[in-house]
Every structure is written in C-alpha cells, then in structure tokens.
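Data block below; observations after.
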Amino acid sequence: MLKENYDMVAEKVRAACERSGRNPEEVTIIAVSKTKPLEDVVELSRHGVTDFGENKVQELCSKYEAIENPVRWHLIGHLQTNKVKYIVDKVALIHSVDSLKLAKQISKEAVKKQVTVPVLIQVNVAEEETKFGLESTDEVMELVQETAKLPNISIQGLMTIAPFVDDPEDNRKYFRQLKQLFIDIDKKNFDNVTMKILSMGMTNDYEVAVEEGATMVRVGTGIFGARNYNI
Ligand SMILES: *Cc1c(COP(=O)(O)O)cnc(C)c1O
C-alpha cells in the first residue's frame, strides 16, 4: 500500500514536471515519516525509497539507529540549538535554518564531529505569525551572508512551509516568490553558497510547487496516510 501511494506521488510529480517543461529527475520526493513506525520506513526503503523526513530530533535519531538500509534523513522541523549535537552527523540535509544562532551552533558541532552539514534557509513567504522562518528578503540575504562565513556548514538552497489552504492554487504565488528569491540569491554569487535546492510543497500542494520549480517536495500524509498525534 505504501509503495502504491509513493508511486502515485511520483507519477503526479512526473506529470507536473511534464506540464512545466521540467525533468522529473530534478525533483526528489522526501517521504515524511514523522509519527509513523519504523516498519513503514523499512518497507519503503526496501522498495528503493531513499529520502525520509522527520521533524523531531529524537524520532530521527531513533529511526536512524534502528534502520539497516542506508537512507538519507532530512530534518524538516524547527531545530532547537541544544539538540543540534545529536544530529549533525546523521542528517543528509537540515531544511530549517532560520537564525544565525542556529547556524553557528550547527557549524560548531559540525567542526567538532569533522563533518560538513548541508542546510537550507527557511523562509516564511506567507508571513504567518505562527510559523518559523525569516520574513523579509533583507533578513534572508543577511542570514545567507553571515552563515556562509561559518566553517563546516554549506548553504544549498531555500525551504518554505506554505499555509494550509483548501485550494493549492492559492499557494502558487508563494512558491513563485520563493523561486524568485532563490534566483536573486544565486545571482549574487556569494562564496560558499549554492542555490540548487528549493524545498517546497507538501501533500496538499506539491504539484503546484513542482510546477513552480521545487526540487524537493516533502510528502507525509499522501504516502503514509493521516497522522495520529494522540497515541
Ligand atoms: C509534516 C510536514 C510535512 C508533510 O506534511 P503532509 O501534509 O503530511 O504532506 C512537510 N513539511 C514539514 C516541515 C512538515 O512538518
């Protein structure tokens, strides 16, 4: 069942690429396994799925320790500085860098563990008060420049969480805005900054996000089914 769901998402990504003249190989589907059992991850990984997303450090670490197949773990949720040390050598990508304080901590722990950590800067395009992420272009530019000076941390792109809306078309303007910012930063040619990953789109709106240039979509419910937070 999980594999069928995953394949359906992959098919929709492929169709969205076709509609927008893109190569489907440019888009990575991250299976967001938060709250779901390890067995689900194992099952999908046996079918060749390689990229999984978690939003809690503890859950990421316990799945990381338990799984034998090599998979790439993505930390997609808000990261507290005191938890950075647990994951710097376990994650393929941190999607949610939204402050210089956090970037400095990642850099510090990465130096200690002698790894380089790829990160995305999280932008709050919709300027929703409840969400994390930077709101203005100036703030993003400044964080990008300051983070780029730090050792053992490498900025690879931008991430956003669009609002939950009934009609995914309502989020197209935000995806377009993030893509434009991505292009603007790329043009500045900052040292130690590459704009190659645009992480946007979730179950509700990933097709629109792909049409607007997403290179990573983070899909949970659409692959694993609804989450139950009460267990
Ligand atoms: C939970 C989560 C997702 C996946 O959400 P779905 O709507 O279930 O696809 C994607 N991104 C982030 C940051 C999340 O926390």
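One-based numbering, in listed order, for ligands and for the atoms of each. No experiment lies behind these values; they were computed from the predicted model shown.
Sparse packing is recorded around CD of Glu68, with 12 or fewer heavy atoms of other residues, nucleotides or ligands lying under 6.0 Å away.
Cation-pi contact between Lys90 and Tyr64: present, with separation from the ring centre below 6.0 Å and deviation from the ring axis of at most 45°.
Thr215 places no side-chain N or O within donor-acceptor distance of the main-chain N or O of Glu26, the cut-off being under 3.5 Å.
Between Glu211 and the choices Arg19, Arg22, Arg176, the salt bridge (charged side-chain N to carboxylate O under 4.0 Å, His left out) rule is met once, by Arg19.
Taking the six-membered ring for Trp and thresholds of 30 and 60 degrees, Phe52 and Trp73 have ring planes inclined between 30 and 60 degrees apart.
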Once you restrict both partners to nitrogen or oxygen, which atoms of ligand 1 have a protein partner under 3.5 Å, and how far apart are they?
unit_1, atom_1, unit_2, atom_2, d
ligand 1, 8 (O), Thr221, N, 2.8
ligand 1, 8 (O), Thr221, OG1, 2.5
ligand 1, 8 (O), Arg227, NH1, 2.8
ligand 1, 8 (O), Arg227, NH2, 3.1
ligand 1, 9 (O), Thr203, N, 3.0
ligand 1, 9 (O), Thr203, OG1, 2.4
ligand 1, 9 (O), Gly220, N, 2.8
ligand 1, 11 (N), Arg218, NE, 2.8
ligand 1, 15 (O), Lys34, NZ, 2.7

Verdict with supporting geometry, Arg46 and Glu43, salt bridge (Lys or Arg N to Asp or Glu O under 4.0 Å): CA-CA 5 Å; Arg46 287 213 181 102; Glu43 185 181 330; over 6 Å; no
